[in-house]
Protein chains: 2
Amino acid sequence: MLDLSLPTGLRDLLPDHSAHLAELSGRLQQVFASFGYRRLFLPTLERLDVVERGLSASALADVMKFVEPGSGEVVAIRPDITPQIARLYASRPDALPSPARLCYDGPVLRAREARAGRPREVYQAGVELLGAGGARYDAEALLVLAKALDSVGLGQAVIEVGHARFAAAAIEAAGLPKKALAEAWDALARKDEGVLTALAAKGRGAVSARHALPRLAGLYGDGALKRARVFARTVPGCGPALAEVEAALKLARRQGLGEVAVDLGEARGLGYYTGLTFAGYAPGAGAAVATGGRYDQLLGRFGRPGPAIGFGIDLEFATQALERAATARPRRAAPRR
Amino acid sequence: MLDLSLPTGLRDLLPDHSAHLAELSGRLQQVFASFGYRRLFLPTLERLDVVERGLSASALADVMKFVEPGSGEVVAIRPDITPQIARLYASRPDALPSPARLCYDGPVLRAREARAGRPREVYQAGVELLGAGGARYDAEALLVLAKALDSVGLGQAVIEVGHARFAAAAIEAAGLPKKALAEAWDALARKDEGVLTALAAKGRGAVSARHALPRLAGLYGDGALKRARVFARTVPGCGPALAEVEAALKLARRQGLGEVAVDLGEARGLGYYTGLTFAGYAPGAGAAVATGGRYDQLLGRFGRPGPAIGFGIDLEFATQALERAATARPRRAAPRR
């Protein structure tokens with residue numbers, strides 16, 4: 001009996017699913033192009049030392065790396081396209097003047113499944129807006145994402161906005177002992193006010209900041225921005241982050257952005273993000289169909305410092321969401337008896 | 001000074017070139033879909049032992065392979081998509097009934113540059129028609145290629161048709177000593193009748209076949225089919241191959257195929273091809289923009305024996321050809337003085 005199995009954790013996409021994914025991919029590129037984003041094709045492999053500049057230590061653990069027999073170079077199969085674009089932008093200022101609107105579409109690969117049921121190979125499409133700082137470009141990124149989701153049929157997706165420095169500033173202000181930090185982030189991810197209260201008691205920061213800390217877990221949902229304003233008055237380090245979120249939303253709404261959700265206690269791994277963060281959630285997808293944010297420190301690591309923002313759409317999660325919506329719809333319209 | 005270079009032999013494609021390549025890629029998929037070919041997304045990595053089933057020993061030397069640290073599996077970065085599709089077709093008869101019309105688009109990678117100036121990473125799009133033997137499907141493959149080239153603006157490309165067994169049968173019939181075989185194929189590739197004449201003198205085959213051998217080098221261009229008919233009468237092993245070429249061309253022409261070139265002394269590396277072979281040549285491209293052929297033995301190596309035919313288009317060579325045509329055209333229309 002022939003064993004034709006694939007390497008652990010990899011899959012083929014069969015025709016129906018592939019067709020849906022290809023259609024989605026094509027439409028996204030049309031939307032990106034309509035906003036002036038220009039497509040790039042970037043290589044499957046990068047030198048490992050270049051990849052290392054763009055990723056956190058935890059992300060690096062999941063990079064597929066090996067020595068090329070011919071050249072002896074240590075190379076990596078790209079785990080993320082954003083640092084590739086940062087690398088190209090930094091090395092080709094002649095070809096890519098600032099601000100640069102760039103987009104991509106292609107697979108990235110990880111050494112193993114990040115979580116059960118997560119594929120190792122992920123098809124992504126996204127945009128990067130490089131050399132562009134401030135609310136104006138934050139708003140642009142949100143608008144492009146909203147339009148992209150809408151155009152592919154995911155208009156019902158919720159865009160959730162946060163900020164990479166809000167919760168970090170609050171946790172810092174509370175002066176938690178180092179060994180309590182991971183626990184605090186975990187508790188925040190679970191929105192567990194009880195654990196945060198217990199941890200805050202061990203803090204050495206200002207009383208007001210320690211007292212406020214557990215309320216981080218409630219800075220989402222209806223009235224989140226209002227509660228965040230109160231919170232930021234008590235925990236001063238949070239003010240600038242909140243101001244950036246409010247400025248971006250104000251501008252984006254003026255340009256037509258619809259309702260968004262806010263979560264200033266967002267605690268997902270934020271990697272290279274330094275400012276506004278956002279994600280798109282669609283019913284029927286296993287996880288966020290889109291994630292993005294501002295990364296104002298990444299370009300400098302490649303030698304051309306400057307602000308930047310971007311997002312990536314997970315084509316498979318987005319396709320899943322569309323397929324489930326398509327299956328659900330006829331039933332609602334004409335229930336079987 | 002930062003060194004942000006890429007691994008040896010790899011490149012980024014900048015925005016203008018990427019846009020042309022993306023547009024070409026999108027149009028090709030439209031043409032493939034219009035003929036009923038269904039898109040597949042296949043993984044970047046395969047197990048090496050599976051890749052080995054699909055490739056010749058010489059092709060395997062250029063495969064990028066490494067051990068996965070996590071699983072210990074020996075994996076390869078795909079060097080060719082056709083054997084991947086053969087593998088999937090063989091392992092999923094439930095999902096892919098015969099005949100199966102499938103298509104793809106994506107990069108393949110080699111361990112080194114095959115020749116100076118040839119990139120290691122190649123963007124390809126193509127079709128495979130599996131479980132489908134005979135002239136009817138040979139003609140279909142030719143027609144899809146012609147339509148594809150025409151639709152992307154490469155209508156001026158020349159399709160050249162040959163057969164994997166014609167020259168092989170002639171060389172076999174001449175009974176050349178083993179050590180002369182490589183030299184004979186080289187001479188044939190250079191269309192060098194003189195060397196073929198000298199080699200034929202060392203043959204142990206029928207006098208008529210040895211006498212005919214040098215004429216293999218002339219079985220292209222105007223009147224090639226007529227000369228091939230005369231040739232095949234003298235070298236009987238060539239008859240069935242010629243009959244297949246003529247049947248395919250007759251059917252394809254009846255369905256609208258335009259002028260094609262014929263070269264029955266074609267000697268490019270034919271890998272897994274067993275029958276009709278063809279290539280598309282466009283002015284301005286560094287090499288063939290498309291190559292394809294019939295491969296009736298490959299599917300069996302994966303456990304679901306059956307005939308098959310397909311072709312791949314090199315998106316970069318095709319883009320080059322289009323870009324050079326675009327540069328040349330305005331000059332012709334309005335010469336500068």
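Computed from a prediction, not measured in an experiment: that's the story for all the values here. Just so it is clear: chains get the letters A, B, ... in the order the sequence lines come, proteins before strands, and each one is counted from 1.
For B/Glu121, the part lying near chain A is the side chain, with the backbone staying farther off; criterion is any non-hydrogen pair under 4.5 Å. A/Leu109 touches chain B through its side chain: at least one heavy atom from C-beta onward sits under 4.5 Å away, while N, CA, C and O do not. Neither the backbone nor the side chain of A/Asp105 comes within contact range of chain B, judged by heavy atoms closer than 4.5 Å. Contacts between B/Leu6 and chain A at a heavy-atom distance below 4.5 Å involve backbone atoms as well as side-chain atoms. Using a 4.5 Å cut-off between heavy atoms, A/Glu68 contacts chain B through its side chain alone, with no backbone atom that close. For a residue to count as touching a neighbouring chain, one of its non-hydrogen atoms must lie under 4.5 Å from one of that chain's; by this rule B/Pro107 touches chain A with the side chain only. Contacts of B/Leu48 with chain A are absent, with no heavy-atom separation under 4.5 Å from either backbone or side chain. The contact between B/Arg301 and chain A is made entirely by backbone atoms, counting heavy-atom distances below 4.5 Å.
Chain A is approached within less than 4.5 Å, heavy atom to heavy atom, by B/Leu21, B/Ala22 from residues 20-34 of chain B, ordered by number. Within residues 85-93 of chain B, the residues approaching chain A closer than 4.5 Å by heavy atoms are, in numerical order, B/Arg87, B/Leu88, B/Ala90, B/Ser91, B/Arg92.
Note that CG of A/Leu4 is 12.0 Å distant from CZ of B/Arg304, once rounded to the nearest 0.5 Å. Here the CZ atom belonging to B/Arg120 is positioned 6.5 Å from the CG atom belonging to A/Leu45, to the nearest 0.5 angstrom. With values rounded to the nearest 0.5 angstrom, A/Leu14 atom CG is found 7.5 Å from B/Leu40 atom CG. Here the straight-line distance linking atom CZ of A/Arg47 with atom OG1 of B/Thr8 works out to 9.0 Å at 0.5 Å rounding.
In this structure, A/Ser5 and B/Val50 have side chains that are not in contact, with every pair of non-hydrogen atoms separated by 4.5 Å or more.
Ring geometry for A/Phe66 versus B/Phe66: interplanar angle under 30°, hence parallel rather than tilted (30 to 60°).
Here the closest heavy-atom approach between residue B/Arg11 and residue A/Pro43 is recorded as O-CD, 3.5 Å.
For the set A/Asp16, A/Asp49, A/Val67, A/Val74, the count of heavy-atom pairs under 4.5 angstrom toward chain B peaks at A/Asp16.
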